[in-house]
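Here the structure comes first, spelled out in structure tokens, and everything after it is commentary.
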Amino acid sequence: MSTAILTGPPAPGSSLDGDLRSLGFDVRIASGTEETGALLADVPAGERVALVDPRFVGHLHALRLALTDPRFPAAAVPGALTAQAEARPALTRALDGASATAGTPAADLPGALADTLDADGVAVHRPQLGTLVATVPTDAEARHAARAAVEAVDDEAVRLRSAVKAHDGFFTTFFISPYSRHIARWCARRGLTPNQVTTASLLTALVAAGCAATGERAGYVAAGVLLLVSFVLDCTDGQLARYALKYSTMGAWLDATFDRAKEYAFYAGLALGAARNGDDVWALALGAMVLMTCRHVVDFSFNEANAESTGAAAKTSLALSSKLDGVGWTVWARRMIILPIGERWAMIAVLTAVTSPRIVFWALIAGCAFGACYTTAGRVLRSLTRKGKRSDRAARALFDLTDSGPLARLAARLFRRPGDRSLGVAFAAIATAGLLSAVLAWPFGDRQIVIAAVGYTVFAGLAVAQPLKGALDWLVPPLFRAAEYTTVLVLAARSDSPGALPAAFGLVAAVAYHHYDTVYRIRGGTGAPPAWLVRVTGGHEGRTLLVIVLAALLAGRGDDFTLALTVLAVAVALVVLVESVRFWVSAGAPAVHDEGETA
């Protein structure tokens, strides 16, 4: 139970006491600033506390946004302020300082305290209210006008609309959200949590993958329908979190990781179903996963590299792109052609139901390749015109995203170049091109590939020997992802070891999970995984070298290479999953959530 303190007796006829209780607050009434301080001191230090001006007039949802959002240590709207445990000491200091000015009738004490908290270094979140009302009227006329404004706006309709993400894809916006938001409200009214809906979405997708694995037309049709149902639930969990303000660290982690688990499990189901009909599409399934993951790393790296850009550095959009933003249909067209998750899942579902797994994968690869080329080309051009310098924080984030292990770090120390000019993308491109050329040119298991892998390790170290502050250094992490994943794909495809491709699929899935986990830790502001995890898993260059050495040693030895890939996949999966679960469950990391539309 949280505690709300009214800083004076409520106005006659006010519903404020009941509104606060409906939001889960134990309401206490103070007679002035001094008694407010005494009541605040009585509230246990670990509890959330809210201070509310008794003259407050506004929508219940305005109070909900200000007083119940768990993501912020302090939040405020006119007339109401909340502080969680970490902001309580600063609130106590601010209230002590306000005692000297107490007794001024027109003063909005919670608003004044919020300003003091800001000045004291506590970031006070002020939610965008849009058409919602939150005000402290100082006379009867102003109170009458405020109440009329409250009556004129349906806060439930605003709350429902705000549950939808502000910038979603065309398919999600027009074919899912119009009804999924109502499902979210239905769930909220029955006490269901976002995590429960997320889990239901995962289970539905796994059942869909099982249906696809049957290899029968009825199974494919059921798989397509269930995949769409899973996506509806996937949208619903986030909308439920925004509707009910039930954000959590665990929810953010589940939502991020389950999306990948669902999609990759469905790829595996399609590949198993095709195999039942004599069509081996494991290489296509793995290729689709490699392409999708590399594309996401491009997105994450570019965003991290430019997260702190301001002023001229942020104004690097192409003139044509800026002009197109003014034409409504082009915004939707550009969102659709990059094949975001809604359009991608809809395409997969429809093609699964009416065609074959091979067609599904080729359509997926073609669509994702086009989207990746389109977005990457635009970002390269914007980066070349970028004038601002990259911050140390951004350079560190890019280094963490490279997943450079002990061998690359050793090479970086041994071959460190003088000066601070970054040539990271150049060395990364040389390393990737040299390795992939050798893997494609030489026979499976040839020792020349091992030599190329050693060279890859050296150049990978040179790429990170200086801070990644170059204009195009955000391309370094995706280049390393492409090198590692594609090497595993090509070696498995060229191996005569039965089952090598499914084993490679499992290995890349485990490593990709590690890389996604790294991304979401950085986005959450907690930094990269611990250094020991990178050492134990070998880094990208260590794993790549190991797989190539195993191919050279086990070439022509039946299914030994498959067994080696399987053991490596299981080992990597166990290590990264155990550490990831430990971190997200116990570390108290902040949640990362997309906001809904403003009211």
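In this structure, T198 contributes its side chain and P194 its backbone to a donor-acceptor pair below 3.5 Å. A donor-acceptor pair under 3.5 Å links the side-chain atoms of N306 to the main chain of F302, judged by distance alone. Panel note: side chain R481, backbone V290; no donor-acceptor pair is recorded below 3.5 Å. The backbone N or O of W186 sits less than 3.5 Å from a side-chain atom of R190, completing a donor-acceptor pair. T432 contributes a side-chain N or O that, together with a main-chain N or O of L479, makes up a donor-acceptor pair within less than 3.5 Å.
Here the closest heavy-atom approach between residue A305 and residue A394 is recorded as O-CB, 3.9 Å. In this structure, R543 and T537 approach most closely via the heavy-atom pair CG-O, 3.0 Å. Closest non-hydrogen pair, R494 versus V439, comes out as NH1-O, 3.3 Å. Summarising the geometry of A431 relative to F459, their closest heavy-atom pair is CB-CB, 3.6 Å, with the distance given to 0.1 Å. Taking each heavy atom of V360 and I348 in turn, the nearest pair found is CG1-CG2, 4.2 Å. Smallest separation of non-hydrogen atoms from N277 and G215: ND2-O, 2.8 Å.
Geometrically, R521 engages F583 in a cation-pi contact, judged by NZ or CZ lying under 6.0 Å from the ring centre and within 45° of the ring axis.
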Could you walk me through whether R64 and R159 pass the side chain to side chain contact (heavy atoms under 4.5 Å, CB included) test, one step at a time? CA-CA 10 Å; R64 181 182 289 107; R159 183 184 180 190; 3.4 Å; yes
Side chain to side chain contact (heavy atoms under 4.5 Å, CB included) for T376 and L475? Distances and angles first, verdict last. CA-CA 9 Å; T376 304; L475 286 170; 4.3 Å; yes
Residue pair D517, W584: steps toward the side-chain hydrogen bond (donor to acceptor under 3.5 Å, both in side chains) verdict: CA-CA 10 Å; D517 185 57; W584 289 104; 2.7 Å; yes
Between T204 and L233, is a side chain to side chain contact (heavy atoms under 4.5 Å, CB included) present by the stated rule, with each step listed? CA-CA 9 Å; T204 304; L233 293 174; 3.8 Å; yes
Please report the C-alpha distance between S497 and T562 in whole Å, then the side-chain angles of each, then the deciding distance to 0.1 Å, and finally whether the side-chain hydrogen bond (donor to acceptor under 3.5 Å, both in side chains) criterion is met. CA-CA 6 Å; S497 180; T562 297; 2.6 Å; yes
Take R379 and D299, measure what salt bridge (Lys or Arg N to Asp or Glu O under 4.0 Å) needs, and give me the verdict at the end. CA-CA 9 Å; R379 289 166 177 171; D299 296 339; 2.5 Å; yes
Evaluate side chain to side chain contact (heavy atoms under 4.5 Å, CB included) for T172 paired with C235, printing each intermediate quantity in order. CA-CA 8 Å; T172 304; C235 295; 3.8 Å; yes
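Checking H514 against D403 by side-chain atom types alone, a donor-acceptor pair falls below 3.5 Å. Between the side chains of W253 and S580, at least one donor N or O lies within less than 3.5 Å of an accepting N or O. Counted by atom type alone, S201 and S230 present one or more donor-acceptor pairs between their side chains at under 3.5 Å. Under the 3.5 Å distance criterion, with hydrogens and angles disregarded, no donor-acceptor pair is assigned to the side chains of E541 and S404. Counted by atom type alone, E263 and Y267 present one or more donor-acceptor pairs between their side chains at under 3.5 Å. A side-chain donor-acceptor contact under 3.5 Å links Y264 and T293. In the model, K246 has no side-chain atom that pairs as donor or acceptor with a side-chain atom of T193 under 3.5 Å. When only modelled atom types and interatomic distance are considered, T487 and T544 share no side-chain donor-acceptor pair under 3.5 Å. When only modelled atom types and interatomic distance are considered, D234 and W345 share no side-chain donor-acceptor pair under 3.5 Å.
In this structure, F561 has its ring center closer than 6.0 angstrom to the ring center of F444. Annotation: F170 is in aromatic contact with F174 [ring centroid separation under 6.0 Å]. Taking the six-membered ring for Trp and the full ring otherwise, Y456 and H540 have centroids separated by under 6.0 Å. Aromatic rings from H296 and Y516 are positioned such that their centres are separated by under 6.0 Å.
Salt-bridge formation is detected for the pair E304/R393: a Lys NZ or Arg NE/NH1/NH2 atom is positioned less than 4.0 Å from an Asp or Glu carboxylate oxygen.
In the displayed structure, R217 atom CZ is contacted under 6.0 Å by more than 12 heavy atoms of other residues, nucleotides or ligands.
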